[in-house]
Amino acid sequence: MSPRGARARRANGKKYATWLAAGVVVLGGTAVTAVAASEGGEGAGPGDGTRAAKAHALALDGKDPKRRALPRTGTPTFSLVGVSWEDSGDTFEGTAQIRTREAATGEWSEWHDLDFAIRAPESTEGEEPDVRGASEPLWVGPSDGVEARVVADGEETAIPEALRLDMIDPGETVKGRGNGKGDGGIKGSGKGDAEPPTSGAPTDPAPGAVTAQEPTGPAAATIPTAPTAPTAPAVVSRAGWGADESLVQDPPSYLNKVDAVFVHHTAGTNDYTCADSPAVIRAILTYHVRTNGWNDVGYNFFVDKCGTVFEGRAGGVERPVLGAHTYGFNSYSSGISLLGDYENGGTPTAAAQQAVADLAAWKLGLHGVDPEAEVALTAAADTGVWKKGQVATLNTISGHRDGYATLCPGASLYSALPGIRTTAGASPYATGN
């Protein structure tokens, strides 16, 4: 969300107090539609003890063009939620809040704001007919009830058409695990507040990790030859976190070169455990494909608060895969998203910062790029910060907000970027170190 949007949100908080006091618009129906995210059948997973991710949708109907609401209603279990609308070209000017009921306890959460800093890719991927406008997804953990309220910003704006609430159940990859309850196929402590020691030296790949010689994902595209690779950090493969590859219909596209890395946060919550990380990423993949209508998850990599690195968009971790993460600059860059919210009080752990630095140093080093340098990039679209065709001078490790009008990657993570650049420059994964 842009800084301007942040001010609008605070103003809209007063609007909520006004119109909610007058009475919430009660919808005529709360029917839930559900689509299994796997081609293996309703609820089917790839093997025994597994369950495919599912996407559920609830229409936010109503006659008022400036207000929508959903009274408390029970739903199939979900762990991630967002709102979407029909035309990705329509921007959402307003505020949306949701609250959810925890499946284990029946307790209702506080109201959470949804962010709207997401845009369809500026590439042909964003021009597909099924691409929808959408909020950033919010991880809430296993929940079985939801309530929503939405209001447009000002008299001259309206709620986009075909607005709906999208809920994602990330499924399970190991029997009894993978939906916020276990390791999702990754071995480790699973302690949410753990900060594994980071010696600064390369380590052996973790279980499920891929190396620079093992591209994963769809292989139907011609893969460009990569430069001689420096030592790669451990990266948990898509198979390691349980990606449903049947969701990805088209082969990956590739850049000529990775000139920069943009750092993001997933927002939502910092209360996840590191055992939850695979489920969070599976849910984001399902949301980006089933809700947004993209071909694959938008980010090239994820990092959790324990410092574990996960492969994002398919195509080979060492390859210059075109992602969908920084509108206007996707064609030059790789995107790293840190799981968690670093705008509303969260602080990135030392382990996470080290992992982001090492990963960025390695990725840029593949293309001979100095992680402490600057680079001039031409904006491919109007981003709210840069006009299309304008040359932007950016750090080779930048925050999402440097390229696009958003609060991402959050105030505390953004303030940590200078130190991350310095760490990246000294990283053993950087070229020449």
Side-chain angles (χ1 to χ4, degrees), residues 9 12-13 16-17 19-21 23-37 43 51-62 67-84 95-115 134-151 163-172 176-182 184 192 266-273 275-284 286-287 290-291 339-341 344-346:
R9 173 172 290 174
N12 284 339
Y16 277 133
W19 70 266
L20 287 174
V24 173
V25 180
V26 179
L27 304 183
T30 58
V32 179
T33 59
V35 179
R51 179 169 52 81
K54 289 183 181 180
H56 311 292
L58 276 168
L60 289 171
D61 296 325
R67 301 173 185 171
R68 296 287 188 273
L70 179 71
R72 291 187 180 187
T73 184
T75 72
T77 302
F78 64 95
S79 294
L80 180 141
V81 64
V83 299
S84 68
T95 307
Q97 293 185 320
I98 62 97
R99 63 189 307 184
T100 56
R101 183 176 63 199
E102 185 177 351
T105 67
E107 296 181 359
W108 284 87
S109 72
E110 301 296 323
W111 286 101
H112 297 286
D113 291 344
L114 296 178
D115 288 336
S135 71
E136 294 280 9
L138 178 73
W139 177 263
V140 294
S143 304
D144 61 5
V146 66
E147 185 177 2
R149 56 194 191 189
V150 179
V151 65
L163 192 72
R164 75 187 191 197
L165 194 68
D166 292 272
M167 298 159 287
I168 306 297
D169 170 11
E172 297 177 348
R177 300 185 178 189
N179 192 16
K181 295 297 183 183
T266 59
T269 180
N270 299 308
D271 291 338
Y272 71 93
T273 70
D276 293 332
S277 300
V280 175
I281 298 168
R282 287 197 306 276
I284 294 173
T286 307
Y287 186 88
R290 289 297 189 194
T291 297
L339 301 185
D341 181 357
N344 298 299

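Just so it is clear, the values below take in all heavy atoms, side chains as well, and ignore hydrogens, waters and symmetry mates.
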K.L.:
Minimum heavy-atom separation for Val150 to Ala96, with atom names?
P.N.:
CG2-CB, 3.9 Å
K.L.:
Would a distance-only check, ignoring hydrogens and angles, find a side-chain to backbone donor-acceptor pair under 3.5 Å from Ser135 to Val83?
P.N.:
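Judged by distance alone, yes, a pair lies under 3.5 Å.
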K.L.:
When rounded to the nearest 0.5 angstrom, what distance separates CD in Glu147 from CH2 in Trp108?
P.N.:
6.0 Å
K.L.:
Do the non-hydrogen side-chain atoms of Val146 and Leu165 ever get within less than 4.5 Å of each other?
P.N.:
yes
K.L.:
With no hydrogens and no angle check, is any side-chain donor or acceptor of Tyr272 less than 3.5 Å from a backbone partner on Leu339?
P.N.:
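Side chain of Tyr272 to backbone of Leu339, a donor-acceptor pair under 3.5 Å: yes, one is there.
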K.L.:
With rounding to the nearest 0.5 Å, note down the distance linking CD in Glu107 to CZ in Arg99.
P.N.:
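Here the interatomic distance stands at 11.5 Å.
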K.L.:
Working to the nearest 0.5 Å, report the span between CG of Leu138 and OG of Ser109.
P.N.:
8.5 Å
K.L.:
To check you understand the geometry: which heavy-atom pair defines the closest contact between Thr286 and Ala55, and what is its length?
P.N.:
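That would be CG2-CB, 4.5 Å.
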K.L.:
Nearest heavy-atom pair of Ala148 and Ile98: which atoms, and what distance?
P.N.:
CB-CG2, 3.9 Å
K.L.:
Run the side-chain contact (heavy atoms from CB on, under 4.5 Å) check on Ile168 and Phe78 step by step: do they pass?
P.N.:
CA-CA 5 Å; Ile168 306 297; Phe78 64 95; 5.8 Å; no
K.L.:
Is there a donor-acceptor contact under 3.5 Å linking the side chains of Ser84 and Asp166?
P.N.:
yes
K.L.:
Is a salt bridge present between Asp169 and Lys54, judged by a nitrogen-to-oxygen distance below 4.0 Å?
P.N.:
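Between Lys54 and Asp169 there is no salt bridge, as every charged N stays at least 4.0 Å from the carboxylate O atoms.
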K.L.:
Hey, does the side chain of Arg68 reach the backbone of Leu60 with a donor-acceptor pair shorter than 3.5 angstrom?
P.N.:
yes
K.L.:
Counting N and O atoms only, with roles assigned by atom type, does the side chain of Thr73 sit under 3.5 Å from a partner on the main chain of Pro71, one being a donor and the other an acceptor?
P.N.:
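Checked: no pair found.
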K.L.:
So which heavy atom on His56 is nearest to which on Thr77, and how close?
P.N.:
NE2-O, 3.7 Å
K.L.:
Report the distance from atom OG of Ser143 to atom CE of Met167, rounding to the nearest 0.5 Å.
P.N.:
10.5 Å
K.L.:
Work out which heavy atom in Thr291 is nearest to a heavy atom in Arg164; give both atom names and the distance.
P.N.:
CA-NH2, 4.1 Å
K.L.:
If you compare all heavy atoms of Arg67 against all heavy atoms of Val151, which two are closest, and at what distance to 0.1 Å?
P.N.:
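That would be CG-CG2, 4.3 Å.
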K.L.:
Side chains of Leu70 and Leu58: does their closest heavy-atom pair fall under 4.5 Å?
P.N.:
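Leu70 vs Leu58: side chains touch.
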K.L.:
For the OG1 atom of Thr100 and the CZ atom of Arg72, what is their distance to the nearest 0.5 Å?
P.N.:
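It is 10.5 Å, given to the nearest 0.5 Å.
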K.L.:
Look at the side chain of Arg101 and the backbone N and O of Asp144, then say whether any donor-acceptor pair between them is shorter than 3.5 Å.
P.N.:
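Yes; judged by distance alone, with no hydrogens or angles, the pair exists.
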K.L.:
Give, for atom CG of Asp276 and atom CH2 of Trp139, the distance between the pair rounded to the nearest 0.5 Å.
P.N.:
6.0 Å
